Peer 1: 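Please read through the structure below; I'll follow up with questions.
Values in this document were obtained by computation on a predicted structure and should not be read as measured data.
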Amino acid sequence: MNARRKINYNLNFACILTTGRTGSDFLQGSLDSVPGIITFSGEVPFYSFLQDPQVKKIFQSKNFLKLILIFIKKHHNLFFNDSLENKIINLNLNKFKKIFLKLSEGKEFNKKNFLINLYLSYHLTLNRSILKKNVIVHHSHSILETKLFLKDFKDSKVLVTIRNPMQNLKSGINNWVKYDQKKKNFEHFYLYIRRIREDLNFALKKNSHFVKLEEMNLDKTKKKILKFLNVKYSKLINKSSFAGRLWKSDKLSNFKVRNGKFNTSVIAQNWESYFSWKDLLILNFLYSKYNKFGYKIKKLSFIQKIYLPVLFFFPFNFERKMMPQIFLNSSFSEFKKNIYFYLRKIIYFINIYLLKVIYD
């Protein structure tokens, strides 16, 4: 096997950051079989894995075998199947481990080499070619994972998936609650409202290419993505797959696509009736930077800006409707937690408002 020789080929790096339910899995799946791109079978929470106390001990012992075994054990979804994401992988684990250990021979024991060898091993296990120029695309997904990845791989590019923020919020609340009733709480609401804004703000400061979900299936969008990654165009980008198997779409989605094609139903804009006029004033205020990407975010009038802070104290329409279920039969600790995150949301809004007043 020529695994050790192949690792010497030129490697560039990129990562995928999402801003909510914005098609990051579909995008990664579209890159799955494109020549020159080396990716994995889904989001890889690499840096959170490294924080595990058991993993830290293995790092101290510098044992590559123990390290790869625990990685496989803790990431069953990347090697066998992923019920949430509707993926069946069934990777040849013996082959994967052998290639990983071969690649690791004589290499310095550090997290960068570990990540690189993970991706190369996965790629080679699928009998895919490593070209003279390649880009490892790490699905970092969250801000924290992306920050840590960019700290280690400083010249990396960032693919950022975005969506109309109102539709994004509706999807993130409705679909998660339908799938998992435990998401019906003010912590989830607050964190999701926040991430749509904060993930975008973070990405705007990086070497980013923004991919609108509504335009993800356009040929011009796909060509721009591959150009940004400095990869030759391939028609294989037209199908979304993982480990070469066509993706069905995740279980949170209301519509299933079984052949790896783009789910055109996500283009629908049905968010207006979901929010009250008060909600929309706040959301237009919060998500004003999405105007940069052609989304029609209404500007607030002077009068609206004056009374806007009063609206921060009122619940959103979807919060109001779910309140009886949230608080009914909840324990005292759950009640306190929900109140805490409801207040955090209000403070978050006020802080943004004050910053805009001072700096705008």
Side-chain angles (χ1 to χ4, degrees), residues 16-29 41-45 48-49 52 74-89 139-145 161 163-199 213 240 242 247-258 263 265-266 268 270-271 274-275 279 283 315-345 348:
I16 298 175
L17 169 68
T18 186
T19 56
R21 285 187 54 76
T22 54
S24 61
D25 290 308
F26 181 84
L27 174 60
Q28 184 189 4
S41 57
E43 173 196 351
V44 182
S48 60
F49 166 75
D52 186 290
K74 289 182 176 292
H75 299 89
H76 185 278
N77 62 306
L78 296 174
F79 296 95
F80 302 102
N81 62 72
D82 189 326
S83 59
L84 174 60
E85 298 295 342
N86 259 337
K87 299 173 191 171
I88 298 175
I89 309 299
H139 190 165
S140 49
H141 202 75
S142 68
I143 281 186
L144 179 58
E145 182 77 24
T161 55
R163 184 182 193 178
N164 182 303
M166 316 307 182
Q167 193 69 36
N168 185 358
L169 181 57
K170 179 189 175 184
S171 178
I173 301 300
N174 263 18
N175 289 336
W176 266 114
V177 167
K178 285 179 182 178
Y179 178 77
D180 182 0
Q181 286 292 305
K182 292 179 181 177
K183 292 290 185 181
K184 191 180 287 186
N185 60 70
F186 285 97
E187 179 181 10
H188 175 65
F189 301 160
Y190 162 68
L191 293 176
Y192 204 94
I193 291 167
R194 182 187 175 105
R195 78 175 302 185
I196 295 173
R197 173 188 169 86
E198 299 306 324
D199 288 18
L213 175 63
S240 186
F242 291 91
W247 188 44
K248 300 177 182 180
S249 81
D250 66 38
K251 287 189 177 178
L252 271 69
S253 301
N254 292 320
F255 303 93
K256 301 301 179 198
V257 177
R258 302 293 181 185
N263 185 355
S265 65
V266 300
N270 54 10
W271 51 266
Y274 187 74
F275 301 107
D279 299 345
L283 296 176
F316 281 103
N317 200 35
F318 63 85
E319 291 176 322
R320 180 178 54 79
K321 289 179 179 179
M322 295 186 204
M323 269 184 175
Q325 296 174 345
I326 292 173
F327 290 115
L328 198 64
N329 299 323
S330 65
S331 66
F332 184 60
S333 61
E334 290 170 341
F335 178 85
K336 288 194 300 181
K337 188 175 182 180
N338 278 299
I339 295 298
Y340 169 76
F341 279 103
Y342 187 80
L343 294 175
R344 276 196 65 175
K345 183 194 70 173
Y348 174 66

Peer 1: Rounded to the nearest 0.5 Å, what's the gap from CG on Asn164 to CH2 on Trp271? Could you check?
Peer 2: 6.0 Å

Peer 1: Closest approach of Ile89 and Ser41, non-hydrogen atoms and distance?
Peer 2: CD1-CB, 3.7 Å

Peer 1: Quick one, Phe318 with Val177, criterion side chain to side chain contact (heavy atoms under 4.5 Å, CB included). Give me CA distance, side-chain angles, the key distance, then yes/no.
Peer 2: CA-CA 11 Å; Phe318 63 85; Val177 167; over 6 Å; no

Peer 1: Apply side chain to side chain contact (heavy atoms under 4.5 Å, CB included) to Asn174 and list each qualifying residue two or more places apart in sequence or on a separate chain.
Peer 2: Lys170, Tyr274

Peer 1: According to side chain to side chain contact (heavy atoms under 4.5 Å, CB included), who are the partners of Glu319, at least two apart in sequence or on a separate chain?
Peer 2: Phe186, Phe189, Pro315, Phe316, Tyr342, Lys345

Peer 1: Is the shortest side-chain heavy-atom distance between Arg21 and Tyr192 below 4.5 Å?
Peer 2: yes

Peer 1: Using a 4.5 Å cut-off on heavy atoms from C-beta on, say whether the side chain of Phe275 contacts that of Leu169.
Peer 2: yes

Peer 1: Check whether any side-chain heavy atom of Leu17 sits under 4.5 Å from a side-chain heavy atom of His141, and report yes or no.
Peer 2: no

Peer 1: Starting at NZ of Lys178, measure out to OG of Ser171 and round the result to the nearest 0.5 Å.
Peer 2: 9.5 Å

Peer 1: Roughly how far, to the nearest 0.5 Å, is CD of Gln28 from CD of Glu43?
Peer 2: 8.5 Å

Peer 1: For Tyr340, which residues count as a side chain to side chain contact (heavy atoms under 4.5 Å, CB included) partner, sequence neighbours excluded?
Peer 2: Arg344

Peer 1: Return the CD1 to NE2 distance between Ile173 and His188, rounded to the nearest 0.5 Å.
Peer 2: 4.5 Å

Peer 1: Quick one: side chain to side chain contact (heavy atoms under 4.5 Å, CB included) partners of Ser140, sequence neighbours excluded?
Peer 2: Cys15, His138, Glu145, Thr146

Peer 1: In Å and rounded to the nearest 0.5 Å, what is the CG to OG distance from Asn270 to Ser265?
Peer 2: 9.5 Å

Peer 1: Determine whether more than 12 heavy atoms belonging to other residues, nucleotides or ligands lie under 6.0 Å from atom CZ of Phe327.
Peer 2: yes

Peer 1: Compare all side-chain heavy atoms of Ile326 with those of Lys184 and state whether any distance is below 4.5 angstrom.
Peer 2: yes

Peer 1: Can you list the residues that meet the side-chain hydrogen bond (donor to acceptor under 3.5 Å, both in side chains) rule with His75, with sequence neighbours excluded?
Peer 2: none

Peer 1: How far apart are the C-alpha atoms of Asp199 and Arg194, what are their side-chain angles, what is the distance that settles it, and do they pass the side chain to side chain contact (heavy atoms under 4.5 Å, CB included) test?
Peer 2: CA-CA 8 Å; Asp199 288 18; Arg194 182 187 175 105; over 6 Å; no

Peer 1: Carefully, step by step, assess Val266 and Arg163 under the rule side chain to side chain contact (heavy atoms under 4.5 Å, CB included).
Peer 2: CA-CA 10 Å; Val266 300; Arg163 184 182 193 178; 4.0 Å; yes

Peer 1: Indicate yes or no for a side-chain donor-acceptor contact from Asn338 to the backbone of Glu334 under 3.5 Å, with no hydrogens or angles considered.
Peer 2: yes

Peer 1: Rounded to the nearest 0.5 Å, what's the gap from CD1 on Ile196 to CE on Met166? Could you check?
Peer 2: 9.0 Å

Peer 1: To check you understand the geometry: which heavy-atom pair defines the closest contact between Asp279 and Asn317, and what is its length?
Peer 2: OD2-N, 2.9 Å

Peer 1: Using the salt bridge (Lys or Arg N to Asp or Glu O under 4.0 Å) criterion, which residues pair with Lys337? Sequence neighbours excluded.
Peer 2: Glu187

